[in-house]
Amino acid sequence: MSEYERDARRERLGALRESGIEPYPARVGPRTPVAELRAEHDAREAEALEKEPVEAAVAGRVMAHRSFGKLLFVDVVDDGHALQVSGRKQQLDPETFARMRELDIGDFVRVEGVLWRTRSGELTLDTRRLELLGKALRPLPEKWHGLSDVETRFRQRYLDLLVNEDARRIAVVRSRVVSRMRRFLESRDFLEVETPILQPIYGGAAARPFQTHHNALDQDLFLRISDELYLKRLVVGGLNRVYEIGRNFRNEGISRKHNPEFTAMECYQAWADYTDMMELVQALVVEVAHEVHGGLRFSCRGHEVDLSGDWPRIPMRDAILEATDGTLDILADDDWKAHERRLGLDPKPTWAQFVDEVFSERVEPTLVQPCFITQYPKALTPLAKSAPEDERLVERFELFVGGMEVANAFSELNDPDEQRRRFEEQGRAAAEGDDEAHPMDEDYLRALEHGLPPTGGLGVGIDRLVMLLVDAPSLREVILFPHLRPEQS
RNA sequence: GGGCCGCUAGCUCAGCUGGUAGAGCACCGGGCUUUUAACCCGUUGGUCGUGGGUUCGAUCCCCACGCGGCCCA
């Protein structure tokens, strides 16, 4: 940073204080939000404003400054809406005019004035009174090219939000998506709940956890990788429809589609199965897409995604058969290691992880249009009910759109003995080297022994859903503060 | 974890075959009453990511490290 510019700003700050002006006042006088003012007067012609003068006051951040000697313009931005403000020497006392000339880009001001229209037709507030609401000591990024350095955009997201319209747009869209999601679930009688983030045993997904420690209890704890097992305990307790929107933490690599902490919506519905969850998630995604796009077609990664109509349901076995030209049947009793070598895939310790790998390598990227992949191998899914047609499969689906998994759902396994066997099987997978195997959870088994009703469960990755809807190339564009290494070593 | 690419003024970027740096915007000074990427004139501003090495001499070549990006794992 140019010490020169910071010195100049600090000097002005000092001069203000010396002349008795508080540069960081506590209170803001009456004001109209710029958006409101524009909505009311944008249509008004110059003559109309002259005949019936409109007095107004606004507050905002100075984002541009153009000076003409005896006339100057500043652009004042209030919550993303800009208003041009003019200052005329002839209209103002010399001190106010001088202070207006000395405004820095980034300063907060409150301006009282009269609306007029310039020759070029711009609605402008001509200053009668000027108050400084906050002095900025550092310059903003440059106005032509804005801020494009990705690292700065993420480390100093506030700068990104101030100068890149898209950053602001995405933040707003994300908030609307979550809000719409809540309204949707409420309309279907789901109860919003909160469950522990610090858990004595992690579970509900295949992932490695972050570990921490409670000092007073001298207890090791995990940051949740999912809230599934707690939400299902609530269904055991008779809360038939529950959901939680919250952060999960997975101790794995960072990529375009992965951040160590991410936001998920999970919901559980008694008396439902995974097909009910298909209906639910489709209605939800459709509603949210309407909220964002006003329709069901939008572009994503250069493709047109169309959410209308029925979304196909494709058993995983068929999807993999098709993607391997009929050469790999995951239900055939083959030597899977041979297939792994033949397909040139990275060696995996277990059959389940091999299937997962084939799927994510060969099938997932091709699933641009919305599509339910169903009937997952049991070994991949220790918490879902067996499929009646084949003991090796479970009643599960994942929703894919834009080549990405956005939702995951099961008919929840509620047979406590079967659940115990599945956990034991996971223990064997762990022994074979699967570091994402599900741990044994006796407390959860006890809850199941009390009785979980037939229940459908659904998880939706909110970051990915937003990424899809705004066609962002990376999760980091939709997470305001994505994880980065520390700046200084 | 591996490969490739990047890191130069506050921001966006140039910088040839090795001879210690430039532009635009911002900033500072001056001019200007209709601009909105205002304009005109004149300045200022650099640990060239960090640390080593090679060399008479390194932003440039070599090595290590840091941060970031893309791809792979």
Side-chain angles (χ1 to χ4, degrees), chain A residues 1-13 15 34 38 46 49-50 60 62-77 81-92 97-98 100-107 114-127 135-160 162-165 208 251-258 340 344-349 353 356-357 360-361 365 435-436 472-477 482-489:
Chain A
M1 142 144 314
S2 151
E3 290 301 314
Y4 202 56
E5 173 156 7
R6 285 183 72 184
D7 289 349
R9 287 178 181 239
R10 283 208 175 270
E11 270 170 36
R12 283 192 283 275
L13 179 73
V34 166
R38 296 208 82 113
L49 287 170
E50 246 173 81
V62 173
M63 294 298 283
H65 194 281
R66 298 176 290 281
S67 165
F68 293 81
K70 298 191 178 83
L71 167 72
L72 61 88
F73 296 104
V74 296
D75 292 341
V76 168
V77 174
H81 297 271
L83 181 71
Q84 178 167 272
V85 167
S86 56
R88 284 189 281 185
K89 193 167 189 180
Q90 149 202 346
Q91 190 59 251
L92 295 166
F97 187 72
M100 200 158 180
R101 285 188 61 137
E102 285 196 347
L103 285 175
D104 283 306
I105 288 173
D107 289 353
V114 177
L115 284 178
W116 65 297
R117 224 170 251 289
T118 62
R119 265 177 218 162
S120 52
E122 181 85 17
L123 186 69
T124 303
L125 185 66
D126 194 44
T127 307
K135 185 81 194 153
L137 295 178
R138 290 177 188 254
L140 287 171
E142 184 244 353
K143 62 189 167 186
W144 287 23
H145 310 87
L147 175 69
S148 58
D149 181 73
V150 217
E151 194 175 346
T152 310
R153 286 186 47 230
F154 297 156
R155 286 197 201 280
Q156 294 178 269
R157 182 68 93 177
Y158 43 91
L159 295 179
D160 192 31
L162 281 173
V163 302
N164 293 327
E165 211 176 293
R208 291 163 65 193
N251 206 340
E252 23 192 59
I254 298 176
S255 79
R256 207 172 68 77
K257 295 185 199 175
H258 297 87
E340 188 176 68
L345 296 166
D346 299 306
K348 294 287 175 185
Q353 284 178 310
D356 199 32
E357 175 74 4
S360 40
E361 280 297 307
D435 54 11
E436 297 186 341
S474 158
L475 262 201
R476 284 189 270 209
E477 298 296 334
H483 188 81
L484 297 174
R485 281 196 174 85
E487 201 166 356
Q488 281 170 337
S489 49

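Here the structure is a predicted model, which means the values were calculated and not measured. Below, chain A is the first sequence line, B the second, and so on; all start at residue 1.
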Out of B:A73, B:U35, B:C67, whichever nucleotide has its closest atom nearest the side chain of A:Glu361 = B:A73
message = For the C1' atoms, the ones on B:G15 and on B:G19, what distance do you get once it is rounded to whole angstrom?
response = 14 Å
B:G22 versus B:G3 - spacing of their P atoms, nearest Å = 37 Å
note = A:Asp435 CG to B:G1 P, in whole Å, measures 15 Å
request  = Taking atom C1' in both B:U8 and B:C70, compute the distance separating them and give it to the nearest angstrom.
outcome  = 22 Å
inquiry  = For the C1' atoms, the ones on B:G51 and on B:G66, what distance do you get once it is rounded to whole angstrom?
reply    = 10 Å
ask   = Can you tell me if the side-chain N/O atoms of A:Arg476 get under 4.0 Å from OP1 or OP2 in B:G69?
value = yes
inquiry  = Return the CG to OG1 distance between A:Leu83 and A:Thr124, rounded to the nearest 0.5 Å.
reply    = 7.0 Å
query = Quantified in whole Å, what is the C1' atom distance between nucleotide B:C48 and nucleotide B:A14?
reply = 13 Å
remark   = Quick note, A:Gln90 side chain, CB onward, closest among B:U33, B:U34, B:C27 is B:U33
query = Closer than 4.0 Å, any side-chain N/O of A:Arg88 to the OP1 or OP2 of B:U33?
reply = no
message = If you assign A:Leu147 and A:Asp104 each to the RNA chain B nucleotide with the nearest heavy atom, which residue ends up on the more 5' nucleotide?
response = A:Leu147
query = Does any nucleotide pair with B:A64 by Watson-Crick or G-U wobble geometry, both distances under 3.5 Å, and what is it?
reply = B:U50
key: Nucleotide B:C11, atom P - distance to CD of A:Glu151 in whole Å   = 11 Å
query = NA contact type, A:Ser67, heavy-atom cut-off 4.0 Å: base, sugar-phosphate, or nothing?
reply = base
query = What are the two closest heavy atoms between A:Arg476 and A:Pro482, and how far apart are they?
reply = CG-CB, 3.3 Å
message = Need one value for A:Gly253: base, sugar-phosphate or nothing, where a base atom within 4.0 Å counts as base even if backbone is also close, heavy atoms only.
response = nothing
request  = Would you confirm whether A:His65, through its side chain, and A:Met100, through its main-chain N or O, come within 3.5 Å as a donor-acceptor pair?
outcome  = yes
message = In whole Å, I'd like the distance from the CG atom of A:Leu71 to the C1' atom of B:U34.
response = 6 Å
query = Any N or O donor-acceptor pair linking the side chain of A:Gln84 to the base of B:U35 at under 3.5 Å?
reply = yes
query = Just how far is it from atom CG of A:Asp104 to atom CG of A:Leu140, taken to the nearest 0.5 Å?
reply = 10.0 Å
task = If B:G45 has a Watson-Crick or G-U wobble mate with both distances under 3.5 Å, name it; if not, just say none.
result = none
Whether A:Glu340 side chain and A:Lys348 backbone form a donor-acceptor pair below 3.5 Å = yes
inquiry  = Looking at B:C32 and A:Phe68: do their rings stack (centroid distance under 5.5 Å, interplanar angle under 30°)?
reply    = no
task = Would you kindly give the CD1-to-C1' distance between A:Ile105 and B:C25, to the nearest whole Å?
result = 10 Å
message = Measuring to OP1 and OP2 of B:C70, would you say a side-chain N or O of A:Arg256 lies under 4.0 angstrom away?
response = no
Counterpart base for B:C4, defined by Watson-Crick or G-U wobble contacts under 3.5 Å = B:G69
query = Closer than 4.0 Å, any side-chain N/O of A:Arg101 to the OP1 or OP2 of B:G30?
reply = no
ask   = Taking atom C1' in both B:C63 and B:U12, what distance in whole Å separates the two?
value = 32 Å
key: Integer-rounded Å distance: B:U34 P and A:Gln91 CD   = 17 Å
message = With hydrogens left out and only the distance checked, is there a donor-acceptor pair under 3.5 Å joining A:Arg66's side chain and the base of B:U35?
response = yes
ask   = Base, sugar-phosphate, or nothing for A:Arg155, non-hydrogen atoms under 4.0 angstrom?
value = sugar-phosphate
Rounded distance in Å - CG (A:Asp149) to C1' (B:G6) = 10 Å
inquiry  = Could you tell me how far apart A:Arg119 (CZ) and B:U33 (C1') are, to the nearest whole angstrom?
reply    = 8 Å
task = Measure the CG-CZ distance between A:Leu123 and A:Arg38 for me, rounded to the nearest 0.5 Å.
result = 5.5 Å
key: d(NZ, A:Lys70; P, B:U34) in whole Å   = 11 Å
query = B:G18 pairs with which nucleotide, Watson-Crick or G-U wobble, both distances below 3.5 Å?
reply = none
ask   = Touch check for A:Arg153, heavy atoms < 4.0 angstrom, all strands: base, sugar-phosphate only, or nothing?
value = nothing
query = Base, sugar-phosphate, or nothing for A:Leu484, non-hydrogen atoms under 4.0 angstrom?
reply = sugar-phosphate
key: Integer angstrom distance from the P of B:U55 to that of B:G1   = 35 Å
query = Quick one: NZ on A:Lys135 to CG on A:Leu137, what's the gap to the nearest 0.5 Å?
reply = 8.0 Å
remark   = Heavy-atom closest pair (A:Gly87 atom, A:Phe97 atom, distance to 0.1 Å) is O-CE1, 3.7 Å
task = Nearest-nucleotide wise, let me know which of A:Ile254 and A:His483 is further upstream toward the 5' end of RNA chain B.
result = A:His483
inquiry  = What's the gap between B:G10 and B:A26 when it is taken at their C1' atoms, as a whole Å value?
reply    = 7 Å
query = Do the side chain of A:Ser148 and the base of B:U12 come within less than 3.5 angstrom through a donor-acceptor pair of N or O atoms?
reply = no
query = Looking only at side-chain N and O atoms, does A:Arg138 come under 4.0 Å of OP1 or OP2 in B:C11?
reply = no
